[in-house]
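Reviewing the structure listed below.
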Amino acid sequence: MASTPSSTLSPLYESNIFCNFNSPQKFTFPLKFYSKSCIRTTQVSLQEQSQVSNPNNSQYSDRKAVSSSKSKLWVNPKSPRASELKRKSYDFRYASLMKVAESLDSCKPVEEDVFNVLADLGDKIVEQDAVVTLNNMTNAETALLAMKYFQQRLKLSKEVIVYNVTLKVLRKNKDLDRAEKVFDEMLERGVKPDNVTFSTIISCARQCNLPEKAIEWFEKLPSFGCEPDDVTYSVMIDAYGKAGNVDMALSLYDRARTEKWRIDAVTFATLIRIYGAAGNFDGCLNVYEEMKALGVKPNMTVYNSLLDAMGRARRPWQAKNIYGEMLSNGFQPSWGTYASLIRAYGRARYSEDALKIYKEMKEKGLELSVVLYNTLLAMCADVGLTDEAVNIFEEMKSSASETCQPDSWTYSSLITIFSCSGKVSEAEFTLNEMMEAGFEPNIFVLTSLIQCYGKAGRTDDVVRTFDRLSDLGLSADERFTGCLLNVLTQTAKEDLHKLTICLERANPKLGYVVKFLVDDEVEEEEGAFKKHAAELLDCATMDVRKAYCNCLIDICVNLNQLERACELLDVGLTLNIYTDIMSRTATQWSLHLKSLSLGAALTALHIWVNDLNKALESGEEFPSLLGINTGHGKHKYSEKGLAGVFESHLKELNAPFHEAPDKAGWFLTTKVAATSWLESRRAQEVVAA
């Protein structure tokens, strides 16, 4: 079709069509098309959140501003010609093009129907008509046919612009496949793509969550003579981060900070996830603070990413602060927000906060996943919330969603809770329910059952549970063995040999050391026990070292083998299993027992008192205060803490240590009282001798 002078784009239009889609840039149709009848200029926005084009770097950015005197004409609205001028204005034309775009979006995606709709535009169509129509469409299939119509009827001076607004429609539909085919068609027709072409396809790949594709198109830019602008580079931080190329993403981020690129909230969220995955949780917070300093408003993705990172960092207090900030900024928590908070509070044992979030989710009708239910149950097991765990378990089973039904970890947590509470029948019932649901007990379940039967004094059931290991093809791990060792500390002397046999099968080295303690017939060379105990504990992992040593000392105390208990404590100090048990300052000598079992604490007290006797005998000056720190907490499944038990023991010794009213968990005495007590003990020993 022959072109008319009005079918080409003016320089003013050329410059505006390549506006930055990340800021409210707009293009203005020049008056030369309707200069006699235009009431006012009409602006059509090509703004798109994820479009990446910088007007400062555009080859079309050298336009001059059009003065208001040239771009606007005033017409008296009471003039007889006003209605006629309005009808002939581009405002009127623009409104009709909007209606055409709506009709195209709703018509059938066949050539005949699309062409019939466009025929209503008449024969005097211009290039701006094509751009405005396509730019306002949302139907990808009809947009491609509309572009074909305009290509057939117009000699396009800037055909790349028509392709770019068509690509924008495809991006709205997240249709990367068609976008790539349109790009190939461009090349076949000899149309050279520009920065906007590439940035539109890159942002389309980004919206499709295909970071590898975004990188592929980004790396094609130089071969077509295109230079990425800073907004494109910023988008690529997100793409490289999601694609797993962390080094490239962080390299671009460093460059972004230096060159002050504009970075959007989505990219900041990706950076937070990158730092979080690397375990650099302070880096997550730094990115968040930089984001706010740059004036970029966080979105829900940023908040959820940050909450998730703080949860994995076990920083629930920071998660609470971020959540509060999110609410104060007017955001409503999403399912992802609640999930991140439950993980953060659950892992850190913030039971009150976690249960509050759980209640809020239930009130809003939000379904929890199995993982979230299991997180809550594991937290309840850690802090001893038996009733709450049972309620959560029942609500989980009553869930309408099949994806929320209990799994093996669910049953394992519940059995652990009942076992630690000594509720044997409930633990056994849950085990049977677990097996009826098709789940075999795992090593964690058997570990809990051994603990349960041990608390109840059912030694034969402990042995029977141990034998199930081989039946299920399982091997005893260090935690299982440690639990079995702990059961020995609660077992009557006459039944110890039954459990010793199990220990020897589970861990021969540990069984051999225990046999020294419980078997009177074992012949011991001098120092053999201490040597074997040191070898055992040195080989044990850090997770179980202290538990092993505590239990072995407890067994010694139960069997009145104080000398061996002292040897074990010495081994523990030598291997740094116990640190900073005793401390001395100019004003106070202290014994710190917070991380010790009762038997280990009593042994440490025995050694400390002996050291005080030696200091007294040597004439060493005592400080004004002497103190014992037991800590003020209690066991999560017991009403008794070390402080309560220790207070009774100190009374039995007639020791002058009394609980400090202003320092919970501390028992203090004065220099005078301690000296008097030690001297009276020495006198009693002399009399007894």
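In this structure, Lys594 places its NZ atom where only 12 or fewer heavy-atom neighbours from other residues, nucleotides or ligands lie under 6.0 Å away. Heavy atoms of other residues, nucleotides or ligands lying less than 6.0 angstrom from CG of Asn432 number more than 12. Residue Lys356 places its NZ atom among 12 or fewer non-hydrogen atoms of other residues, nucleotides or ligands, all under 6.0 Å distant. Enclosure of atom CD in Glu617 by more than 12 non-hydrogen atoms of other residues, nucleotides or ligands within 6.0 angstrom is indicated. Annotation: Lys531, atom NZ; neighbour count of heavy atoms from other residues, nucleotides and ligands within 6.0 Å does not exceed 12. Surrounding NZ of Lys651 are at most 12 heavy atoms belonging to other residues, nucleotides or ligands under 6.0 Å away. The number of heavy atoms from other shown groups lying within 6.0 Å of CD (Glu394) is above 12.
Between Asn374 and Ser413 there is no side-chain heavy-atom pair separated by less than 4.5 Å. Looking only at side-chain heavy atoms (C-beta outward), Asp570 and Thr574 come within less than 4.5 Å of each other. Residues Val609 and Leu678 form a side-chain contact, since some pair of their non-hydrogen atoms from C-beta on lies under 4.5 Å apart. The shortest distance between side-chain heavy atoms of Asn629 and Leu591 does not fall below 4.5 Å. Looking only at side-chain heavy atoms (C-beta outward), Tyr338 and Tyr323 come within less than 4.5 Å of each other. Between Leu488 and Leu503, the closest side-chain pair of non-hydrogen atoms falls below 4.5 Å. Inter-residue side-chain proximity for Ser448 and Phe418 is flagged as unmet; no heavy-atom pair is nearer than 4.5 Å. Looking at heavy atoms from C-beta onward, His592 lies out of side-chain contact with Thr630 at the 4.5 angstrom threshold.
For His658 and Phe667, the distance between ring centers is not under 6.0 angstrom. Side-chain rings of Phe444 and Trp409 approach one another, their centers coming within less than 6.0 Å.
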* Given Ser305 and Arg273, is the side chain to side chain donor-acceptor pair (under 3.5 Å) satisfied, shown in steps? -> CA-CA 6 Å; Ser305 299; Arg273 285 195 294 270; 3.1 Å; yes

* To do: Start with the C-alpha gap between Thr481 and Asn507, add the side-chain angles, then the distance that decides, and say whether side chain to side chain donor-acceptor pair (under 3.5 Å) holds.
  => CA-CA 7 Å; Thr481 307; Asn507 186 329; 5.1 Å; no

* Going through the checks in order, is the side chain to side chain donor-acceptor pair (under 3.5 Å) test met by Gln405 and Tyr373? -> CA-CA 9 Å; Gln405 295 307 302; Tyr373 272 118; over 6 Å; no

* Asked: Yes or no on side chain to side chain donor-acceptor pair (under 3.5 Å) for Glu504 and Tyr512, after CA distance, side-chain angles and deciding distance?
  -> CA-CA 7 Å; Glu504 286 183 297; Tyr512 186 68; over 6 Å; no

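Proximity of a side-chain donor or acceptor of Ser412 to a complementary backbone N or O of Ser408 within less than 3.5 Å is not detected. The backbone N or O of Asp538 lies less than 3.5 Å from a partner atom in the side chain of Arg545, making a donor-acceptor pair. Under a 3.5 Å cut-off, the side chain of Ser419 and the backbone N or O of Cys452 do not form any donor-acceptor pair. Side chain of Ser618 to main chain of Ala615: a donor-acceptor pair is present (N/O by atom type, distance under 3.5 Å, no hydrogens or angles). Although no hydrogens or angles enter the test, the distance criterion places no donor-acceptor pair under 3.5 Å between the side chain of Thr579 and the main chain of Asn576.
A salt bridge links Lys397 to Glu433: one of the charged nitrogens lies within less than 4.0 Å of a carboxylate oxygen. Classification of Arg564 and Glu567 as a salt-bridged pair fails, no side-chain N sitting under 4.0 Å from a carboxylate O. Salt bridge absent: Glu535 and Lys509 never bring a charged side-chain N and a carboxylate O closer than 4.0 Å. Classification of Asp471 and Arg468 as a salt-bridged pair fails, no side-chain N sitting under 4.0 Å from a carboxylate O. Of the charged side-chain nitrogens involved, none lies within less than 4.0 Å of a carboxylate oxygen, so that Asp460 and Arg464 do not count as a salt-bridged pair. With respect to Arg347 and Asp382, no salt bridge is recorded, no charged nitrogen being found less than 4.0 Å from a carboxylate O. Between Glu620 and Arg584 there is a salt bridge, with a side-chain nitrogen of the basic residue lying less than 4.0 Å from a carboxylate oxygen of the acidic one.
Looking at every heavy atom in both residues, Thr447 comes nearest to Cys483 through O-SG, 3.3 Å. Shortest non-hydrogen contact noted between Leu642 and Leu593 is CD2-O, 3.4 Å. Nearest heavy atoms, Gln318 versus Met310: OE1-SD, 3.2 Å. Considering all non-hydrogen atoms of both residues, Phe646 and Leu602 come closest at CE1-CD2, 3.8 Å.
A tilted orientation is assigned to the rings of Tyr411 and Phe439, their planes being inclined by 30° to 60°. Relative ring orientation between Trp608 and Phe657 is described as tilted, the plane-to-plane angle lying within the 30° to 60° band. Ring orientation note: the planes of Phe622 and Trp589 are tilted relative to one another, at an angle of 30° to 60°.
Side-chain atoms of Glu478 and Thr541 form a donor-acceptor pair, as typed in the model, at a separation below 3.5 Å.
In this structure, CD1 in Ile417 is found 9.5 Å from CD in Glu388, a value given to the nearest 0.5 Å.
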